[in-house]
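Structure, as structure tokens:
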Amino acid sequence: SYVAMRPRGKLGPGHPIRVAEYDAAFAAIRADAPETPVPSAGGPRSPGDSREQRQAETLMVAALGNELGVRLAPRRLAVSDGVHVELDATAEDLSVLVETYAHQGSVKPGHRRKVLADAFKLAFISRMLDRPSRLILLMSCEETARCFRRGWPAEALASFGIEVKVVEIEAAVRRELRDAQARQHR
């Protein structure tokens, strides 16, 4: 197998001789593998495909940007040597930092952990920037947001200055999100 061909001795995996050997071995494995068709955009989708969530998050960020009167865009920030953090949206001057969550309906424990991890990311970046930023967890469903507006999550978010904000999205988009969640068994 390809893994069994791992180099031994003084020639490390990045050595040109080893790279050439890997490339040749991998090409031979691919040549023996049956051709697997790539589904078209209109073809069958995997249950875990989150295209609807990504599209909804783009609409949510645009709506928030309009509401705040600021241009928001995804951003990758370097926080230390070789360490980067991806944010769903920021203002160009980093005065607004946003993480989005397009889920519709009640929140399961795994969803709650994901959102709280996003909140921790916002708090971390805010501290690294060492300047005031508006920190927003952006949602599109009041029912979803309610979970983070009560109990200890609400207290924790408030203690870090993180807002839970809900923007309105079209009913058709909400329907597509619910259909995607059903497909994903969420």
Side-chain angles (χ1 to χ4, degrees), residues 41-42 45-79 84-186:
R45 299 181 45 201
S46 75
D49 187 343
S50 60
R51 183 181 326 152
E52 293 87 355
Q53 284 94 336
R54 289 188 305 274
Q55 291 170 344
E57 288 173 355
T58 299
L59 296 172
M60 292 163 57
V61 167
L64 179 65
N66 288 337
E67 182 181 319
L68 300 178
V70 65
R71 185 179 175 280
L72 298 171
R75 192 145 180 195
R76 184 176 194 222
L77 299 172
V79 294
H84 295 83
V85 174
E86 304 274 341
L87 289 170
D88 292 336
T90 72
E92 190 172 332
D93 63 359
L94 299 174
S95 61
V96 180
L97 308 177
V98 181
E99 280 296 302
T100 59
Y101 186 60
H103 184 84
Q104 302 292 293
S106 63
V107 179
K108 294 180 181 177
H111 301 144
R112 185 172 164 174
R113 285 189 294 273
K114 185 258 189 242
V115 173
L116 293 176
D118 284 347
F120 186 62
K121 184 189 330 181
L122 289 171
F124 170 66
I125 293 299
S126 177
R127 179 169 288 165
M128 295 298 292
L129 292 174
D130 199 30
R131 66 174 151 192
S133 295
R134 187 170 178 185
L135 309 177
I136 300 174
L137 279 175
L138 183 62
M139 301 181 187
S140 61
C141 176
E142 283 292 341
E143 182 182 356
T144 303
R146 241 187 324 271
C147 175
F148 303 98
R149 290 182 171 159
R150 62 178 191 248
W152 77 263
E155 295 292 323
L157 294 171
S159 76
F160 286 102
I162 299 171
E163 302 173 51
V164 176
K165 195 150 185 52
V166 177
V167 292
E168 192 65 32
I169 58 173
E170 295 180 19
V173 176
R174 283 195 309 273
R175 223 177 0 265
E176 288 175 6
L177 285 168
R178 288 187 186 276
D179 290 347
Q181 288 167 202
R183 183 182 69 241
Q184 297 166 348
H185 308 290
R186 295 184 185 186

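Along the sequence shown, the residues carry numbers beginning at 1.
For the pair Val173 and Gln55, the minimum side-chain heavy-atom distance is 4.5 Å or more. Counting only heavy atoms from C-beta outward, the side chains of Arg174 and Glu168 approach each other to under 4.5 Å. By the 4.5 Å heavy-atom criterion applied to side chains, Arg134 and Leu68 are counted as neighbours. Side-chain contact between Val115 and Val107 is absent, with no heavy-atom pair separated by less than 4.5 Å.
When every heavy atom of Ala63 is checked against every heavy atom of Val167, the shortest pair comes out as CB-CB, 4.2 Å. Contact between Ala119 and Leu137 at its shortest, heavy atoms only, is CB-CD1, 3.9 Å. The two atoms that bring Leu116 and Pro153 nearest to each other are CD2-CB, 4.3 Å, heavy atoms only. Across all their heavy atoms, Cys141 and Val166 have their closest contact at N-CG1, 3.8 Å. Leu122 and Leu87 get closest at one heavy-atom pair: CD2-CD2, 4.1 Å.
More than 12 heavy atoms of other residues, nucleotides or ligands sit less than 6.0 Å from atom CD of Glu67. Heavy atoms of other residues, nucleotides or ligands lying less than 6.0 angstrom from CZ of Arg127 number 12 at most.
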(request) Could you walk me through whether Lys121 and Leu97 pass side-chain contact (heavy atoms from CB on, under 4.5 Å), step by step? (result) CA-CA 10 Å; Lys121 184 189 330 181; Leu97 308 177; over 6 Å; no

(request) Start with the C-alpha distance between Val85 and Met128, add both sets of side-chain angles, then the distance that settles side-chain contact (heavy atoms from CB on, under 4.5 Å), and finish with yes or no. (result) CA-CA 11 Å; Val85 174; Met128 295 298 292; over 6 Å; no

(request) Check step by step if side-chain contact (heavy atoms from CB on, under 4.5 Å) holds for Leu157 and Phe148. (result) CA-CA 8 Å; Leu157 294 171; Phe148 303 98; 3.9 Å; yes

(message) Checking Gln53 against Tyr101 for the side-chain contact (heavy atoms from CB on, under 4.5 Å) test, could you report, in this order, the C-alpha distance in whole Å, the side-chain angles of both residues, the deciding distance, and whether it holds?
(response) CA-CA 8 Å; Gln53 284 94 336; Tyr101 186 60; over 6 Å; no

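Rounding to the nearest 0.5 Å places CD1 of Ile136 at 5.0 Å from CG of Leu64. The CZ atom of Phe124 lies 13.5 Å from the CG atom of Leu135; values are rounded to the nearest 0.5 Å. Separating the CZ atom in Arg131 from the CG atom in Asp93 is a distance of 7.0 Å, to the nearest 0.5 Å. Remark: His103 NE2 to Cys147 SG distance equals 10.0 Å, nearest 0.5 Å. A distance of 6.0 Å separates OG of Ser140 from CG of Leu177, quoted to the nearest 0.5 Å. Here Leu77 contributes atom CG and Leu129 contributes atom CG; the two are 6.5 Å apart, rounded to the nearest 0.5 Å.
Using a distance-only test at 3.5 Å, with no hydrogens or angles considered, no donor-acceptor pair links the side chain of Ser126 to the main chain of Ala123. A distance-only check finds a donor-acceptor pair linking the side chain of Thr144 to the backbone of Gly105 [under 3.5 Å]. Within the 3.5 Å criterion, the main-chain N or O of Thr100 finds a donor-acceptor partner in the side chain of Asp88. Judged by distance alone, with hydrogens and angles left aside, the side-chain atoms of Glu92 form no donor-acceptor pair with the main-chain N or O of Arg71 at under 3.5 Å. Between the side chain of Glu143 and the main chain of Ser106, a donor-acceptor pair closer than 3.5 Å is present. One N or O on the side chain of Arg149 and one on the backbone of Val164 form a donor-acceptor pair closer than 3.5 Å. Under the 3.5 Å distance criterion, the side-chain polar atoms of Gln104 are matched with a main-chain donor or acceptor of Ala102.
The only option from Arg178, Arg183, Gln181, Arg175 that meets the side chain to side chain donor-acceptor pair (under 3.5 Å) definition with Glu52 turns out to be Arg183.
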